[in-house]
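Below is one structure, written out as structure tokens, with a few remarks after it.
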Amino acid sequence: MHIFGFYITGYQVAFIAVAGITVLSAIGVVLLPNILRAALCLGLMLFGVAGIYALMNAPFLAAVQVMIYVGAITTMIILAIFLSHRVMKIGFSQAIYNPLLAAAAAGVMFLFLFVTVANSVWVRQISAGGPAKSGAGIDAVATALLQPYVFPFELASVVLLAVLIGAVVIAKEDIEDA
Amino acid sequence: MPISWILTVGAMLFCIGLFGMMVRRSAIGMLLSIELMLNAANLNLVAFGSYLKLPVIAGQVFAVFVITLAAAEAAVGLAIVINIYRNEQHIDADKISAMKM
């Protein structure tokens with residue numbers, strides 16, 4: 001369809017909608033003074049990223065994003081907020097410090113990245129073909145994980161075991177103190 | 001759709017996360033900003049993996065590892081935050097001085 005003289009496909013409309021939701025909720029994550037609302041905005045933003053994965057023909061990663069990020073990490077953060085903010089004493093509100101200076105620094109960083117992306121020759125060369133037409137499904141990811149990347153895969157399981165033990169040891173109440 | 005659109009969204013998310021890292025003083029707020037930046041990196045990895053059409057889908061596999069480590073980081077980070085709250089009754093990163101010399 002034609003909008004403002006440009007030819008725009010439905011795919012691009014979907015991408016702009018999902019990317020808009022993602023970026024707006026990301027702004028909510030950093031600017032909302034209520035930390036609980038910021039965590040809920042993070043959940044929405046992670047959903048948006050899952051939508052972008054789905055648009056890029058990565059269905060497995062979209063499912064992983066929803067299950068691990070939206071399902072587990074957001075829940076864990078909200079539980080930690082409930083455990084660490086006594087509702088009456090501290091409250092959920094957080095002050096925002098030095099917003100102008102921080103916005104200037106982040107804006108300069110974005111300008112640098114944007115100019116790099118917009119002017120690079122290799123970016124234009126890659127874009128020519130568009131995203132992969134055949135979605136890389138679960139079988140392709142599983143083959144890659146268990147054949148060329150089997151060592152980092154096993155290493156990740158060791159790291160997860162260490163984290164499991166470490167998190168329990170750190171969060172456990174000291175018996176002498178209690 | 002050119003890849004530069006996805007890279008621009010990734011750059012936006014990263015810079016918003018950077019901004020949040022600088023303005024938040026609560027430890028949990030900083031963890032939220034770290035998640036934003038990790039997602040920006042993942043977005044770029046998956047975009048390159050999808051556009052470069054390598055024989056192995058390296059971008060998606062790397063993104064899976066990043067998600068695994070992000071979950072690990074969140075678990076340990078939140079355990080530390082809860083422990084600090086139990087000892088000091090606040091999680092203000094500016095006032096935590098337990099590890100200063």
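We name chains A, B, ... by the order of the sequence lines, and we start the count at 1 in each one.
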Discussion item. Checking the side chain of Ser84(A) only, and the main-chain atoms of Tyr85(B) only, is there a donor and an acceptor separated by less than 3.5 Å?
Written reply: no
Worksheet item: Who wins among Val9(B), Ile82(B), Ile67(B), Val76(B) for the most heavy-atom pairs under 4.5 Å with chain A?
Response: Ile67(B)
Practice prompt. Check whether Val29(A) gets within reach of chain B through its side chain, its backbone, both or neither, counting any heavy atom under 4.5 Å.
Written response: both
Discussion item. So which residue, Ala162(A), Ala103(A), Gly166(A), ends up with the most heavy-atom pairs under 4.5 Å with chain B?
Written reply: Ala103(A)
Fill in: Min side-chain heavy-atom separation Phe14(B)-Met109(A) under 4.5 Å
yes
Discussion item. Heavy-atom pairs under 4.5 Å with chain A: which of Gly29(B), Ala72(B), Gly20(B) has the most?
Written reply: Ala72(B)
Discussion item. Nearest 0.5 angstrom please: Ile73(A) CD1 to Glu73(B) CD, how far?
Written reply: 7.5 Å
Worksheet item: Is there a side-chain contact (heavy atoms from CB on, under 4.5 Å) between Phe110(A) and Leu18(B) once you walk through the steps?
Response: CA-CA 10 Å; Phe110(A) 175 71; Leu18(B) 199 66; over 6 Å; no
Worksheet entry | Toward chain B, the part of Phe114(A) with a non-hydrogen atom under 4.5 Å | side chain
Item to complete: Would you mind telling me which of Leu13(B), Val46(B), Asn83(B) has the largest number of heavy-atom pairs within less than 4.5 Å of chain A?
Response: Val46(B)
Item to complete: Let me see the working for Thr74(A) and Glu35(B) under side-chain contact (heavy atoms from CB on, under 4.5 Å), right down to the final yes or no.
Response: CA-CA 10 Å; Thr74(A) 311; Glu35(B) 299 295 340; over 6 Å; no
Practice prompt. Measure across Val117(A) and Ser4(B) and return the closest heavy-atom pair with its distance rounded to 0.1 Å.
Written response: CG1-CB, 3.6 Å
Worksheet item: Could you state the interatomic distance from CG (Leu83(A)) to CZ (Arg86(B)), rounded to the nearest 0.5 Å?
Response: 8.5 Å
Discussion item. Taking side chain as everything from C-beta outward and backbone as N, CA, C, O, which of these in Met45(A) sits under 4.5 Å from a heavy atom of chain B? Side chain, backbone, both or neither.
Written reply: side chain
Worksheet item: Under a 4.5 Å heavy-atom cut-off, does chain B meet the side chain of Leu164(A), its backbone, both or neither?
Response: neither
Discussion item. Please report the interatomic distance CD1(Ile27(A)) to CG(Leu36(B)), rounded to the nearest 0.5 Å.
Written reply: 10.5 Å
Practice prompt. Using the six-membered ring wherever Trp is involved, compare the ring planes of Trp5(B) and Phe15(A) and label them parallel, tilted or perpendicular (cut-offs 30° and 60°).
Written response: tilted
Practice prompt. Looking only at non-hydrogen atoms, find the nearest pair between Arg24(B) and Pro33(A) and report the distance.
Written response: NH1-O, 4.3 Å
Worksheet, complete the sentence: If one checks every heavy atom of Thr22(A) against chain B at 4.5 Å, the contacting part turns out to be both
Item to complete: Check whether Leu160(A) gets within reach of chain B through its side chain, its backbone, both or neither, counting any heavy atom under 4.5 Å.
Response: side chain
Worksheet item: Do you know the tightest heavy-atom contact between Ala58(B) and Tyr149(A)?
Response: CB-OH, 3.4 Å
Discussion item. Counting only non-hydrogen atoms closer than 4.5 Å, does Leu101(A) touch chain B with its backbone (N, CA, C, O), its side chain (CB onward), both, or neither?
Written reply: neither
Fill in: Intermediate values then yes/no, side-chain contact (heavy atoms from CB on, under 4.5 Å), Phe153(A) and Val64(B)
CA-CA 10 Å; Phe153(A) 180 72; Val64(B) 168; over 6 Å; no
Practice prompt. Could you tell me whether the side chain of Leu32(B) reaches within less than 4.5 Å of the side chain of Ile35(A), counting heavy atoms only?
Written response: yes
Item to complete: Quick one: which of Val159(A), Ile77(A), Val64(A) has the most heavy-atom pairs under 4.5 Å with chain B, could you say?
Response: Ile77(A)
Worksheet item: Shortest non-hydrogen contact from Ala105(A) to Met22(B)?
Response: CB-CE, 3.8 Å
Fill in: Point-to-point distance, once rounded to the nearest 0.5 Å, from OG of Ser50(B) to CD1 of Ile52(A)
12.5 Å
Response to the item:
One option among Asn42(B), Ile84(B), Val81(B) has the most heavy-atom pairs under 4.5 Å with chain A, and it is Asn42(B)
Worksheet item: Under a 4.5 Å heavy-atom cut-off, does chain B meet the side chain of Ile68(A), its backbone, both or neither?
Response: side chain
Worksheet item: Out of Leu78(B), Leu7(B), Leu69(B), which one racks up the most heavy-atom pairs below 4.5 Å with chain A?
Response: Leu78(B)
Discussion item. Just so I understand: if I count every heavy-atom pair under 4.5 Å between each of Ala156(A), Ala38(A), Pro152(A), Ala19(A) and chain B, which residue has the most?
Written reply: Pro152(A)
Worksheet item: Can you tell me how far CG of Leu43(B) sits from CE of Met56(A), rounded to the nearest 0.5 angstrom?
Response: 5.0 Å
Worksheet item: Checking Ala72(A) against chain B: side chain, backbone, both or neither under 4.5 Å from a heavy atom?
Response: neither
Practice prompt. Identify which part of Leu31(B) has an atom lying under 4.5 Å from any heavy atom of chain A, answering side chain, backbone, both or neither.
Written response: neither
Fill in: Closest heavy-atom pair and its distance - Ala167(A), Ala75(B)
CB-O, 4.3 Å
Worksheet item: Which atom pair, heavy atoms only, marks the closest approach of Leu61(A) to Ala63(B)?
Response: CD2-CB, 3.5 Å
Response to the item:
Under 4.5 Å to a heavy atom of chain B? For Tyr69(A) that would be side chain
Fill in: Region of Ala47(B) in contact with chain A, defined by heavy-atom distances below 4.5 Å
both
